[in-house]
Each structure stands twice: as C-alpha cells, then as structure tokens.
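Heads up: the structure comes next, in structure tokens.
Letters A, B, ... are given to chains in the order of the sequence lines, protein chains preceding strands, and every chain is numbered from 1.
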Number of protein chains: 2
Amino acid sequence: MKQRITLKQIALAFNVSIATVSKALKDSHEISISTKQKIQEYALQHNYRPNRIALSLLNKKTKTIGVIMPSILNPFFVKTFSGIEQIANEKGYNVITIVSHGKLDKEIASVNMLENGLIDGLLISLSEETESKQHFKHLEEFIENAGPIVMFDRISDSVITDKVIVDDFNCAYKATEHLIKTGCKHISVVSTLKNVGIIKLRINGYLKALEDYKLPVNKKIITLIKPEYDFETEIKTMLDYQNVDAIIGLEEFSAVEAMVIAQDRGYTIPDDISIISFTSSDFFKYTKPSITCINQHSVFMGKTATEILISKIEQPQDADPVFETRTIKTTLIERNSTKPLVIK
Amino acid sequence: MKQRITLKQIALAFNVSIATVSKALKDSHEISISTKQKIQEYALQHNYRPNRIALSLLNKKTKTIGVIMPSILNPFFVKTFSGIEQIANEKGYNVITIVSHGKLDKEIASVNMLENGLIDGLLISLSEETESKQHFKHLEEFIENAGPIVMFDRISDSVITDKVIVDDFNCAYKATEHLIKTGCKHISVVSTLKNVGIIKLRINGYLKALEDYKLPVNKKIITLIKPEYDFETEIKTMLDYQNVDAIIGLEEFSAVEAMVIAQDRGYTIPDDISIISFTSSDFFKYTKPSITCINQHSVFMGKTATEILISKIEQPQDADPVFETRTIKTTLIERNSTKPLVIK
DNA sequence: CTGAAAGCGCTTACAG
DNA sequence: CTGAAAGCGCTTACAG
C-alpha cells in the first residue's frame, strides 16, 4: 500500500502553496481557472481524498455516532440497529457499534472510550447490570463532556436526556386483555430478564389488566428466570404444579421455548394453553402454530432515535436543551397460538 | 455541554508548556514528581481524555476498522458481525458498519467514503450486484491507497487479498449426499439469490453429488427465484408439476418458506418431502418439524476474518504481502425434517 | 527538569 | 490571483 496523496504533495507537484491547492479543490472563485483545472485534474488522477481525520480535528465534528447495545444476537436490537444505520447513512454519518453484553463495566469502558472526540453523539440501550445497579455516572459525564445521548428501549428516568421507548405498560396490558377476551383466566408471564425497567413495566401492565378484569393474581406463574437457573426445569415445574391456560413471553426466546416445552408435555396450543410473545422478528409466523405477538416496530425505533440524535448534534450550540421522550406504538398481530375473541 | 478539557488548558492552569503536560500525563521520567503529581491530579479531576482524533492524525492509525455487508437483517451476517465486534473489541479496535443493501453503487460509495484515513482496514462481503457485474475497481483502489481488506463469504477470486470462506461446494455435496442416503431421489434446490459465487459453488456441489450417486439432474427443480418473481408461486408450480422428494434451501428464508408451502399443500415432512437448510440461526429447532441444517459457524467466520485483518494492519509496513484464503468447516445438524439414514 | 519547534493534513481570515 | 500564518490537539526529538 502506498501512502495516500495529500494536499502537500499536490502543492509540491505544481510548485504552489497548500492553501492554493485547498481552495482550487473547493473550486473557490479566488483561484484562476487554469490553476484550478490542472490541480483538479491531478487530484482526480491521483485519487485524492481529503483526510477525514484532519477535517474532524479542524471542525470538531466527526460525523460519526456511537451505538452501545446489550446484545446484537437478538432480533430486537438487530432491527433497531438496522434503522439506526439507515438514517445515519442518509444523513452522512458513520456508525460505531459496541456491544456491552449486559455488563456494566463493559458499558462504562465503552462510553469512556467514546468520550474522546471520536463521536458526535451516542445512542444507548442500557445493559441489565446498569439498570439493576442504577449506575449512570458514565452517561452523565458523557453528556457533560462529549455530546448528546439518546437512550432507546432500555432507558433510565434518572438520566436527563432524549429517550425513545416502547409503550411497554400498555402493550402488556393489551396482550393480557386479548388473552382474557379469548377466555383465558390463568395467564402466566415468562421472561429471562428481571431487573430491567421494561420488564417491570410489562408486568405492571399485565397486573393492571388482571385487576381491571377482576382476575386473581397468582405470583407463582409470574416466572422470571435468572440466567443461572435452568429455563426448561422452571417451565416444566410451573406447568406441572400450577394451573396455566396462557403464557405471555416477554422476549422471543421465552415464548417459543415455553411453547415447545408445553407441546412436549402434551398440551395443545392454543386450546389448552395460549401463547403471546413480544417480538421484533417475523419468524413466529413459521412456528407451528404460528405465534400471536406484540410487534415492537424496532426498525422505526432505531430510525426515530437516530433522527433525534442527529438533530441534537446539528442544532446550534446555544439552543435551549429541551428533552423529549418519544413512545413507539406497538401492534398486536393475531396468529394461531391464541383463540378467537369471545367477549365483545 | 461544555468543551472537553485539552492539554492546552491544563498547561495554562499551571503555567507550564503543553509538552510538559503531555509528558507528565504519560508519567515520563523527564518530569519532576511534584509537577507530575499536580498535573495528573488536575487531569483526573477534570476528566481529561486525550483526543483520539488528534492522535489518529499524528499516528496515521485510527484503531478503527470498517465492515461492509449486503444486509444486516440476515442471521448469517448478524452472527458474523457479532464475531467481528468481539475480536475488534478485544484488540482495541472500533468498528464502523455500513450496509450495502446488495447494491453496487452503495458499496462503491461506502468504500470510497472509508478511503480517507478513517479506518485502518476493511472487512467486506460483496453485494449481489458487485458479483454479478464483476466490478472490483473500488476494492483495488482501497487496497492501493488505504489499507488491507479481508473479504468474507461473498468474495471474488479477482481481488488479490485475504479471504475467509465457507466450504460451500463440499457442504452442498454433503447435504445432497445425506438426502440421497436417506432415500431421496428427486432433490430440489431453492434459493432467492442467483449471481452470487457461493450459490454457484453450492449448486456445483449438489450436482457433483448427484453425479457421484448416478442420479439424473432435473433442471426444473433447481429453482433460483429472482426478487421480482413471487416465491410462493414458483414453489407451488414446482411442487405441482415436478416430482420432488427433497428440498435444499440455500438460505434460511427459502427453506422455511418452502417447507410451509409444501405443508399447506398437504405434503408431510419428511416422509413426502425432506428439507435441509443452510443456516446460521438456531431458530430451526423451533419449527415443526425442526429443520436439519448445514451450520455455517458464522461467528467463527467473523472472528477469523477480523483476526486476519488486524494482524495485517499491525504487521510492519515492509513485510512481504502473503495472502491466504481460510475455509471454515461446516456441520450438518440432523433434525426432524429429514429421514433417518438408510444406506450404509 | 522544562520548553520551543516541527509536524500529522487540513481550512480560512488576512495580506500582498 | 496566490501564499504565509495560525490553528484544531496532540507527540517527540532536540535544546537549554
């Protein structure tokens, strides 16, 4: 690999100053047409490209945003990322992605590492540990020193910034209500996440629906399974010892695994047990039966978060900081893992 | 947001030179302990972080790599990306990701855009259009001007650089052989991709297996469906007018869609029709029946490609360029969409 | 032990 | 019409 050509080299080639070359390549009216012509031609021939790093240093803008997510092997984050990438690209921004793997220290290290002029702003969805330990200093420092942050999905109310969320309370409510209206009375909630705000909201929505429809709460079928426990054992135990006629899976994995376990134990879906899943993937139309789900429109969430971030980056420095929290609507997609509506 | 603190400001605060501050923060033995102490403390308090852009300009290394892929909404690329991110992070590199959406012009624009000092090297999986039009000038230019490239999965033999691939010929051969040994004779191949090297290799592997086992080739059941055609119609037509007792899906979507369509038409899987899919996702264990597949170990592919790229980036400039092509082994995972082995 | 200088690649206000 | 100078934030070889 030979070195990239620079203004200096072009200047040398024509025995003019670097400033002249710079202006010529910008087609400045200050420079004579003949000079511009020969310089431009030479630059083209030699594949000149302005060094972006030098420009970043000059402008104090890198036209790059950062994205920190707990995982990338999860359809929700993949789709959100896809939305982020689309908008960033449209607006001429590059995207640097870091996965926190649910770990606070990884998240802190990543945020700190990006706090050095590399990016103009940050999109972040908090790691589980960050939420459970309620540690946000790294984020506040970033906002203080480096640039705007937009939080998406896994957010914290303690951090004052822009946020994009799903209406978790309401969509859990709707899912529960749907099951109730199809005749279910013993509705279980299953998740592999626990100390995460969105999970709490979903459970609250579920509880509210039970309350509104005057159904009793059975805490033993609210099954939040810690990573160190065996998912299959927990679900089997619940199915064997509790009365369950519906399961709401709070993420893809929980729903489909629970369904398979129930089927293995001889339950018919949806007649014996109905299933609803939160999801961002289209895959659930291919299971047998296909699974009814709450679609979170995660591509749109990614797009929205990125639009907000870039508008914050590009707004004048002295603008009043006004923060907003945008809520993305969800859709219930009825498929074959739930029974037809009976009430109303 | 207040401005990040710089060496200049620290220097000002203590009335010393910028050079002194720089050395003090590096704990240089040239600087007196007392000076170092006060400067280090001040820097810590004020959250000083060396500006990475300035360092990049100085060192001509950005510690950032680029990744260009045709898609991110595809389990294969998601998993590969996950492997890339892991290794890059371990080695202290950032990752900038761009999706080409299968378009040559998007790919060219992306490569050009990254050819300006922003990244130290590039990982790329070619877009469909790049392969079909056999246009590689942008890649050669990048290598010439900007840094090393490692191609993965969708590669081209015309570009002289490092490559990481799946043994597509052999694994298609193995899949076909497996079907033959379970008693299938009319084996169809279905794909939504066409002018892509890996697809051609897979088809060649398939044809070789038919030849070796002395089975006739029926070109009408090699179904490569262009995006402008309707997948469902094409599959239905094939099932209705051709004799088919097995389907090899060359990507996730093709396999699962074909299976669902066959089931809807009353075929039993695997008794009437067996299914094997190429895949990178675990999802196929949840379909009914679960789908036998060729696992491409894509996380490993991503890791391998990144290791090669970083070693190329970090090797001395004057090292002899030796290029390698690494082949990732695949595994056949038997599930319930294929019959038990009958021969041998 | 400390600092001035040159330089990474660029831009722009200013002088000539 | 062209160029010298200053500067973005940093490092390092060299001088004092």
task = Look at atom CZ of B:Phe300 and say whether more than 12 heavy atoms of other residues, nucleotides or ligands are closer to it than 6.0 Å.
result = no

remark   = Closest to the 5' end of DNA chain C, once B:Thr35 and A:Lys23 are matched to their nearest nucleotides, is B:Thr35

query = Once you round it to whole Å, what is the distance between P of D:dC8 and CG of A:Asn51?
reply = 18 Å

key: Interatomic distance where CZ belongs to B:Phe14 and P belongs to C:dG3 [whole Å]   = 13 Å

ask   = If you check every side-chain atom of A:Ala19, which of C:dC10, D:dG3, D:dC10 has the closest atom?
value = D:dG3

ask   = Given atom CD1 of A:Ile31 and atom P of C:dT12, what is their separation to the nearest angstrom?
value = 13 Å

inquiry  = Within the supplied structure, the quantity of interest is the number of heavy atoms (other residues, nucleotides, ligands) at a distance under 6.0 Å from A:Gln134 CD; does it exceed 12?
reply    = yes

query = Looking at the side chain of B:Leu7, which of C:dG3, D:dT11, D:dT2 is the nearest nucleotide?
reply = D:dT11

task = Evaluate whether atom CD of A:Gln45 has more than 12 neighbouring non-hydrogen atoms of other residues, nucleotides or ligands under 6.0 angstrom away.
result = yes

Presence of A:Ser22 side-chain N/O under 4.0 Å of C:dT11 phosphate oxygens OP1/OP2 = yes

request  = Take the protein atom CG of B:Leu57 and the nucleotide atom C1' of C:dA6, then report the distance between them rounded to whole Å.
outcome  = 13 Å

task = Indicate yes or no for a side-chain donor-acceptor contact from A:Glu128 to the backbone of A:Val196 under 3.5 Å, with no hydrogens or angles considered.
result = no

key: Integer-rounded Å distance: D:dT12 P and B:Leu55 CG   = 9 Å

query = If we take the P atom in both C:dC8 and D:dT2, what is their distance in whole Å?
reply = 25 Å

note = The residue, B:Ser32 or B:Ala54, whose nearest nucleotide of DNA chain C is more 5′ is B:Ser32

task = Nearest-nucleotide wise, let me know which of A:Thr20 and B:Pro50 is further upstream toward the 5' end of DNA chain D.
result = A:Thr20

inquiry  = Nearest whole Å is fine: how far is C:dA4 C1' from B:Lys8 NZ?
reply    = 15 Å

Check: B:Thr80 side chain, B:Val299 main-chain N or O, donor-acceptor pair, under 3.5 Å = no

query = In terms of side-chain heavy atoms of B:Leu58, which of C:dT2, C:dG7, D:dT2 is nearest?
reply = C:dG7

remark   = Among the nucleotides C:dG3, D:dG9, D:dG3, whichever has the atom closest to the side chain of B:Glu30 is C:dG3

message = Say we look at D:dA4 and C:dA6: how far apart would their P atoms be, to the nearest angstrom?
response = 15 Å

query = Any chance NZ of A:Lys103 has more than 12 other-residue heavy atoms, nucleotides or ligands included, within less than 6.0 Å?
reply = no

message = Can you measure B:Lys60 atom NZ to D:dC10 atom P for me and round it to whole angstrom units?
response = 20 Å

C:dA13 pairs with, by Watson-Crick or G-U criteria that keep both distances under 3.5 Å = none

inquiry  = Within the 4.0 Å heavy-atom criterion, would you say B:Ile53 contacts the bases, only the backbone, or no part of the nucleic acid?
reply    = nothing

ask   = Counting just side-chain N and O atoms, does A:Thr6 come under 4.0 Å of either OP1 or OP2 of C:dG9?
value = no

remark   = Here the distance between atom P of D:dA13 and atom NE2 of B:His29, to the nearest Å, is 11 Å

